[in-house]
Amino acid sequence: MTLLQLKYIVKIVECGSMNEASHELYVSQPALSSSVKELEKELGIEIFTRSSQGIALTVDGAEFLTYARQVLDQASLLEERYKNAKPRKQLCTVSTQHYMFAVEAFVEMINSIKSDEYEFTIRETRTRDIIDSVANMRSDVGIIYLSDFNKDVIGKLLREKHLEFHALFRAPLHVFLARTNPLATKKVVTMKDLKPFPFIQYEQGEDGSFYFAEEAVWPDYSPKQINVTDRATILNFIIGLNGYTVCTGIDNGDLNNEKICTVPLDSDETMLVGWITNERAKLSAAAENYLDKLKSVVADHGYKLID
């Protein structure tokens with residue numbers, strides 16, 4: 001086993017394909033594939049499963065990846081100490097549902113980094129993609145919520161994929177409304193009040209279901225419904241179409257407070273927002289820093305953190 005082989009494995013996982021990794025490593029795909037197979041044979045495990053759809057980490061491969069990253073980190077420290085080489089870039093990847101506070105914390109994390117080199121990634125994406133990304137170790141941290149409605153289904157999926165949910169805070173439900181909406185001045189709104197207005201929700205793909213929805217509640221029947229994939233679009237539709245969506249109620253500078261407001265929703269349901277991690281992985285210093293900033297941002301918005 002060599003450090004080069006470990007670097008190959010890490011790069012393949014980061015790229016998500018053998019072909020893309022070979023380009024970034026400047027080695028031929030056959031040579032890269034041969035090196036991986038030699039390592040698998042030496043260790044007596046299968047690191048990747050291979051199919052016509054591509055490659056994916058096996059259970060043994062996910063565990064091996066954790067150790068490989070630790071070895072490479074230690075090797076980098078040795079090089080920095082004794083060869084005066086540059087340290088490895090600080091890395092952190094976060095996948096999240098469409099929460100402004102998650103992005104706000106990401107900005108604060110980057111601003112706090114004292115490093116000449118780093119590579120950070122944040123993805124606002126579908127619920128199932130978040131879970132899969134953390135399970136495959138393409139993301140260090142995933143930000144999702146649980147509710148009374150989805151906790152059994154999501155919880156079972158997390159356990160099957162060896163993921164852990166860490167509660168951050170519990171939020172009563174709110175809706176985003178345009179300030180021009182006649183409901184914007186109400187102290188609380190009901191789903192019946194909202195029925196005449198377009199219901200806007202985040203699209204979850206063909207395999208999505210209500211259990212993976214980002215909205216903790218939805219109308220029994222909505223004559224006007226719009227599915228979107230990004231946060232900017234949903235905010236524009238709220239303003240331009242007088243629509244609404246269900247949310248935690250946290251806003252920040254990203255939200256156009258002159259045109260959009262949050263109003264409490266009359267509901268017994270709540271959103272238990274938290275982060276998920278892979279139980280086989282050790283978080284990087286940058287990922288730990290991000291979680292600290294996330295807690296700080298949520299607390300600054302007036303929400304009580306869950307120990």
J.: Restricting to ring pair (Phe, Tyr, Trp, His ring centres under 6.0 Å), what partner residues turn up for H162, sequence neighbours left out?
T.: none
J.: Hey, which of E203, E214, Q204 is the one that makes side-chain hydrogen bond (donor to acceptor under 3.5 Å, both in side chains) with R126?
T.: E203
J.: Return the orientation label for the Y202 and H98 ring planes: parallel under 30°, perpendicular over 60°, tilted otherwise.
T.: parallel
J.: Is it the case that one hydrophobic cluster holds both L32 and L3, taking links as side-chain heavy atoms less than 4.5 Å apart, direct or via other members?
T.: yes
J.: By ring pair (Phe, Tyr, Trp, His ring centres under 6.0 Å), which residues pair with F165, not counting sequence neighbours?
T.: none
J.: Which value, rounded to the nearest 0.5 Å, describes the distance between I113 atom CD1 and E108 atom CD?
T.: 12.5 Å
J.: Check whether N136 reaches the backbone of S133 with its side chain - one donor and one acceptor, N or O, closer than 3.5 Å.
T.: no
J.: Q97: which residues meet the side-chain hydrogen bond (donor to acceptor under 3.5 Å, both in side chains) condition with it, sequence neighbours left out?
T.: Y99, T127
J.: Would you please say whether a donor-acceptor pair under 3.5 Å links the side chains of S95 and D129?
T.: no
J.: Closer than 3.5 angstrom, by distance alone: can the side chain of T248 be matched with the main-chain N or O of A171 as a donor-acceptor pair?
T.: no
J.: With clusters defined by side-chain heavy atoms of hydrophobic residues (ILVMFWY) lying less than 4.5 Å apart, directly or transitively, does V246 cluster with V188?
T.: no
J.: Does a side chain donor of either S76 or D73 reach within less than 3.5 Å of an acceptor in the other side chain?
T.: no
J.: For A102, does its backbone N or O pair with a side-chain atom of T96 as donor and acceptor, under 3.5 Å?
T.: no
J.: Decide whether L57 and V59 are clustered together by the hydrophobic rule: side chain heavy atoms of Ile, Leu, Val, Met, Phe, Trp, Tyr closer than 4.5 Å, transitively.
T.: no
J.: Can L163 and I131 be said to form a side-chain contact (heavy atoms from CB on, under 4.5 Å), step by step?
T.: CA-CA 8 Å; L163 304 180; I131 294 171; 3.7 Å; yes
J.: Between E124 and R231, does any side-chain N to carboxylate O distance fall below 4.0 Å?
T.: yes
J.: Would you mind telling me which of D60, T58, L39 makes a side-chain contact (heavy atoms from CB on, under 4.5 Å) with I45?
T.: D60
J.: What verdict does the ring pair (Phe, Tyr, Trp, His ring centres under 6.0 Å) test give for F101 and F169, after you've listed the backbone C-alpha separation in whole Å, the side-chain angles of each residue and the deciding distance to 0.1 Å?
T.: CA-CA 12 Å; F101 61 83; F169 70 101; 5.6 Å; yes
J.: So, W218 versus F210, ring centres under 6.0 angstrom or not?
T.: yes
J.: Any side-chain to backbone donor/acceptor pair from N236 onto T233? Under 3.5 Å, distance only.
T.: no
J.: Show me the pairs that pass salt bridge (charged side-chain N to carboxylate O under 4.0 Å, His left out) and involve residues 141-159, at least two apart or across chains.
T.: D148-K151, K156-E160
J.: The criterion is ring pair (Phe, Tyr, Trp, His ring centres under 6.0 Å); which residues satisfy it with Y145, sequence neighbours excluded?
T.: none
J.: Around atom OH of Y67, are there more than 12 heavy atoms of other residues, nucleotides or ligands at under 6.0 Å?
T.: no
J.: Step through it carefully: locate the ring centre of Y290, locate the ring centre of F106, and say whether they are under 6.0 Å apart.
T.: yes
J.: Around atom CG of N111, are there more than 12 heavy atoms from other residues, nucleotides or ligands closer than 6.0 Å?
T.: yes
J.: List for me each residue that meets side-chain hydrogen bond (donor to acceptor under 3.5 Å, both in side chains) alongside H174, sequence neighbours excluded, and say none if there are none.
T.: none
J.: What is the distance from atom NZ of K259 to atom CD1 of I238, rounded to the nearest 0.5 Å?
T.: 13.0 Å
J.: Quick one: does any side-chain atom of R123 pair with a main-chain N or O of T121 as donor and acceptor, under 3.5 Å?
T.: no
J.: So which heavy atom on L283 is nearest to which on E288, and how close?
T.: CB-OE2, 3.8 Å
J.: Work out which heavy atom in C92 is nearest to a heavy atom in M109; give both atom names and the distance.
T.: SG-CE, 4.2 Å
J.: For residues N289 and S112, report the shortest heavy-atom separation together with the two atoms involved.
T.: ND2-OG, 3.0 Å
J.: How far does CD of Q29 sit from CG of N19, to the nearest 0.5 angstrom?
T.: 4.5 Å
J.: Under the criterion side-chain contact (heavy atoms from CB on, under 4.5 Å), I'd like the reasoning laid out for M1 against L43: C-alpha separation, chi angles, the key distance, then a yes or no.
T.: CA-CA 9 Å; M1 187 192 313; L43 298 176; 3.4 Å; yes
J.: For V134, is there any backbone N or O sitting under 3.5 Å from a side-chain donor or acceptor partner on N278?
T.: yes
J.: Nearest heavy-atom pair of L194 and Y244: which atoms, and what distance?
T.: O-CE2, 3.5 Å
J.: Are E40 and K37 within salt-bridge range, i.e. N to O under 4.0 Å?
T.: no
J.: Under 3.5 Å, is there a donor-acceptor pair between the side chain of S139 and the main chain of G142?
T.: no
J.: Please report the shortest heavy-atom distance between A178 and N242, naming the atom on each side.
T.: CB-OD1, 3.8 Å
J.: Ion pair present between D132 and R138, side-chain N to carboxylate O less than 4.0 angstrom?
T.: no
